[in-house]
Amino acid sequence: MPAAPESRRSLTPVSRVLRLCLHALFLGLLALAAGRAVTGREPHAGWTVAVCALLAAGYLAGALAPAVRNSPRAGALWLAGLGAVWAALLALSPDGLWLAFPLYFLELHLLRLRWAIPAALVTAAAAIGGFLGHSGGAVTPGPFLGPLLGGAVAVATVLGYEALYRESERRRELIEELITTRAELAAAERDAGILAERERLAREIHDTLAQGLSSIQLLLRAAERTLPQESPALPHIARARLAAQENLAEARRFVRALTPPDLEHGSLPAALERLCSAVRGPRVRFSLSGTARVLPTPYEVALLRIAQSALANVGRHAAAERAEITLTFMDASVTLDIVDDGTGFDPGAARAGGEGGFGLPAMRSRAESLGGLFTVESAPGQGTAVAVTLPLPLEAPR
């Protein structure tokens, strides 16, 4: 069967087997009409055979023509030509009535639906008129019901096939989307695991090795001050202090190498500003309040990850137009606020129902692991405000 118009071609691709069956049905009915005309010695048997041959040639020419397969206009013209020759066959032989059934399918596939239904009705009317013309005026229910029921069956078959195909396409697209999403989630989990391990190693080196070397250096300096200048131990203590200092610098280089990439080439405020500029969707503005201080690496990592997670929630769930991140430095603490004008939600209901995913619990866990305070303020239709406050140590070693 020739292809459908562009709007319907993607919805109703007819398989090779169905096309061959339709071709065989059309040509078989033509052969039947020609054979009956000859064996039945109809008055116009010669003309009937000639018209059947012309109709078969026209059908095969259109079925094999690329223009008919690719152009809706060419397909419609081909169908009109077939209809004209078929009308001549109806005038010559009542057996031409049977060709109405394959013509229904051709019309439904070649024409848009708003034109295919009227064309099928015209075909049914022509079939009924041709049969009545050969019946000598005898009116029975059969000539009326046969073409109409055949047209109804053809329409129902094509529309049902289209509905099944659309459902199949939706399922295929859903499966492809699920496969893609699963691959993305696996990659995200792998990256998250790598980053989490990097952060854990950075914290361990910072909290144990680096701090221990710093303490050793301070103790050695204190020992230098307590020993007399002529003590033979002083050179050894100086060399030990120098070795501790060099190893402390090396440990800090390891910590810097294991920090998130966003913090490798700048401060936390710069990383947050870059994060805001990279967000797609809502307009995000970053502001800094107070005098920026050098924070311990675990603090910077935690604040950056909380900001990333909060902005991800804004993009996925809040449907917000604007959001703002504020980093505030105070004497004894640092505060990060993320505020949006989105749809909001009920935090109490989310906690009670166990909904909302792992974003908020993960942010809360990061803040509390550093002795900080994490709060969420939101209400349906009133946006969301996330705040985390971390107490600063008296000294912020790197």
Side-chain angles (χ1 to χ4, degrees), residues 193-275 286 288-308 326-336 363-374 387-398:
I194 293 173
L195 289 176
E197 183 63 15
R198 286 163 59 105
E199 293 172 16
R200 186 189 69 82
L201 290 174
R203 285 197 303 269
E204 292 295 331
I205 294 173
H206 178 273
D207 295 341
T208 57
L209 182 61
Q211 296 290 8
L213 290 171
S214 180
S215 299
I216 291 172
Q217 190 178 14
L218 292 175
L219 291 172
L220 290 173
R221 184 176 289 118
E224 279 184 322
R225 288 197 296 266
T226 58
L227 290 174
Q229 293 295 326
E230 64 277 4
S231 174
L234 282 178
H236 299 288
I237 293 178
R239 285 193 296 271
R241 186 167 58 81
L242 179 61
Q245 183 178 358
E246 291 174 350
N247 282 272
L248 177 60
E250 186 68 20
R252 287 171 176 171
R253 280 195 294 271
F254 278 128
V255 170
R256 285 194 296 271
L258 291 171
T259 55
D262 292 327
L263 295 174
E264 289 180 358
H265 305 292
S267 62
L268 175 63
L272 291 174
E273 194 164 3
R274 288 194 299 271
L275 176 64
F286 171 73
L288 177 65
S289 178
T291 303
R293 295 176 53 184
V294 177
L295 297 176
T297 298
Y299 282 53
E300 291 190 344
V301 171
L303 293 173
L304 179 61
R305 294 299 182 219
I306 290 173
Q308 289 173 333
T326 303
L327 182 64
T328 304
F329 286 91
M330 292 175 282
D331 293 338
S333 64
V334 59
T335 300
L336 180 69
M363 287 187 272
R364 186 183 304 276
S365 176
R366 283 185 182 275
E368 293 178 351
S369 67
L370 297 174
L373 177 64
F374 180 82
V388 55
T389 301
L390 300 179
L392 294 178
L394 297 180
E395 186 177 358
R398 298 291 293 179

- Task: Would you please name every residue forming a salt bridge (Lys or Arg N to Asp or Glu O under 4.0 Å) with Glu368, sequence neighbours left out?
- Result: none

- Would you call Leu390 and Leu336 a side-chain contact if the rule is heavy atoms closer than 4.5 Å? no

- Item | Which residues share a side-chain contact (heavy atoms from CB on, under 4.5 Å) with Ser231, sequence neighbours left out | Leu227, Pro228, Ala233, Leu234

- Task: Taking all heavy atoms of Ala307 and all of Leu272, pick out the closest pair and write down the distance.
- Result: CB-CD2, 3.6 Å

- Can you tell me how far the OG1 atom of Thr389 sits from the CE atom of Met330, to the nearest 0.5 Å? 6.0 Å

- Message: So Glu300 and Leu304, do their side chains get closer than 4.5 Å, heavy atoms only?
- Response: no

- Query: Is there a side-chain contact between Pro269 and Phe286 (heavy atoms, below 4.5 Å)?
  - Reply: yes

- One should read off an interatomic distance between Gln308 CD and Ile306 CD1, to the nearest 0.5 angstrom, of 10.5 Å

- Contact summary for Leu295 and Leu392, nearest pair of heavy atoms: CD2-CD2, 3.3 Å

- Task: Would you check if the side chain of Tyr299 reaches a backbone N or O of Val294 as a donor-acceptor pair within less than 3.5 Å?
- Result: no

- Where Arg293 and Phe329 come nearest, the two heavy atoms and their spacing: N-CE2, 3.5 Å

- Item | Check: Arg241 side chain, Arg221 main-chain N or O, donor-acceptor pair, under 3.5 Å | no

- Could you please spell out the steps behind the side-chain contact (heavy atoms from CB on, under 4.5 Å) verdict for Asn247 and Ile216? CA-CA 11 Å; Asn247 282 272; Ile216 291 172; over 6 Å; no

- Message: Is there a side-chain contact between Met363 and Arg366 in this structure, where contact means two heavy atoms from C-beta onward sitting under 4.5 Å apart?
- Response: no

